Chemist: 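First the structure, then my questions, so here it is.
Bear in mind that the values here come from a model prediction, so they are computed numbers and not experimental data. We count ligands from 1, going down the list as the structure has it; atoms in each ligand are counted the same way.
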Amino acid sequence: MEARPPRRFAETERRRLFVALELPEHVRDSLCAWRSEVMADDLRPVAPEGLHVTLCFLGGRPADQVPAIAAACETALEACSISELGLQAGLWLPRRHPRVLAVRLADPSATLGRAQGALSDALDRGGWYTPEKRPFLPHVTVARIPARARVRAMELPELPPLVFRAPAVTLYRSRLQRTGAVYEPLASVPVGE
Ligand code: ATP
Ligand code: MG
């Protein structure tokens, strides 16, 4: 029988990574208040501190790529300042057989869209990310629907007319646990000034 090659950390350890826009606490509070008005059984709320806008989901990457990925995010966002955003509307995704309850953001200056495009290009160039074919839909997932449950896509309440600036874009590690994913910030780039 052949001996197994020695286990090398850099080649075997993977990190589930994504890059997301952070939201100010008062916005997360408003999203939680809005969510509590949606009376659907089987909704699994996202923890208030876990509410974010995913910009690029990288999936499992070798652990030793994390520093280069963090540096690429910083460079890509150097020239990006993200202007005022708003809470546009609640939405079920996908609409017919919803798996998540989300809130779409308004990006009137298109600066969030541009920042997402810059990140997507930079991470693609580095070979760490395959850009999405569909256009970027800026949204916050506020609740998930468990695999076996079915939720009717009922009409959703209006959102408060909030206008806000987001403080930072963060590279996160996601740890999938039975009680829900836990997001660990690895590196942040300020985008609010
Ligand atoms: P769980 O998968 O346990 O329900 P989660 O979706 O919050 O929890 P992850 O799957 O690690 O945790 O996802 C991290 C973030 O990336 C979330 O905002 C999620 O919506 C987003 N995401 C996950 N998979 C994809 C994907 N294939 N494409 C785009 N975004 C994704
Ligand atoms: Mg997921």
Chemist: Which of the numbered atoms in ligand 1 are under 4.0 angstrom from any heavy atom belonging to Ala181?
Modeler: 5 (P), 7 (O), 8 (O), 12 (O)
Chemist: Mark up the atoms of ligand 1 that fall under 4.0 Å of a heavy atom belonging to Arg44, in ascending order.
Modeler: 4 (O)
Chemist: Checking a contact table here: which protein heavy atom is nearest atom 19 (C) of ligand 1, and how many Å away?
Modeler: Arg144 NH2, 3.6 Å
Chemist: Could you check Arg104 against Leu137 for side chain to side chain contact (heavy atoms under 4.5 Å, CB included), going step by step and ending with a plain yes or no?
Modeler: CA-CA 7 Å; Arg104 182 185 185 141; Leu137 171 73; 3.5 Å; yes
Chemist: Counting both backbone and side chain atoms, is some N or O of Arg16 under 3.5 Å from an N or O of ligand 1?
Modeler: yes
Chemist: More than 12 heavy atoms of other residues, nucleotides or ligands under 6.0 Å from CD of Glu25: yes or no?
Modeler: no
Chemist: Start with the C-alpha gap between Thr141 and Thr54, add the side-chain angles, then the distance that decides, and say whether side chain to side chain contact (heavy atoms under 4.5 Å, CB included) holds.
Modeler: CA-CA 9 Å; Thr141 295; Thr54 301; over 6 Å; no
Chemist: Group every Ile, Leu, Val, Met, Phe, Trp and Tyr by side-chain heavy-atom contacts under 4.5 Å, then state whether Leu23 and Val19 land in the same group.
Modeler: yes
Chemist: Near Ser174, which atoms of ligand 1 are under 4.0 Å from a heavy atom of that residue?
Modeler: 9 (P), 11 (O), 12 (O)
Chemist: Could you walk me through whether Asp124 and Thr130 pass the side chain to side chain contact (heavy atoms under 4.5 Å, CB included) test, one step at a time?
Modeler: CA-CA 6 Å; Asp124 180 26; Thr130 307; 5.9 Å; no
Chemist: With atoms numbered from 1 as shown, which atoms in ligand 1 lie under 4.0 angstrom from a non-hydrogen atom of Glu132?
Modeler: 28 (N), 29 (C)
Chemist: Just which atoms of ligand 1 are under 4.0 Å from any heavy atom in Leu176?
Modeler: 2 (O), 3 (O), 11 (O), 12 (O)
Chemist: Got the closest protein heavy atom to atom 21 (C) of ligand 1, with its distance?
Modeler: Thr54 OG1, 3.7 Å
Chemist: Return the residue, atom name and 0.1 Å-rounded distance of the protein heavy atom closest to atom 7 (O) of ligand 1.
Modeler: Tyr183 OH, 2.3 Å
Chemist: In ligand 1, which numbered atoms sit nearer than 4.0 Å to a non-hydrogen atom of His52?
Modeler: 15 (C), 17 (C), 18 (O)
Chemist: Could you find the nearest protein heavy atom to atom 27 (N) of ligand 1 and give me its residue, atom name and distance?
Modeler: Phe57 CD2, 3.7 Å
Chemist: Above 12 or not: heavy atoms from other molecules or residues under 6.0 Å from CD of Glu37?
Modeler: yes
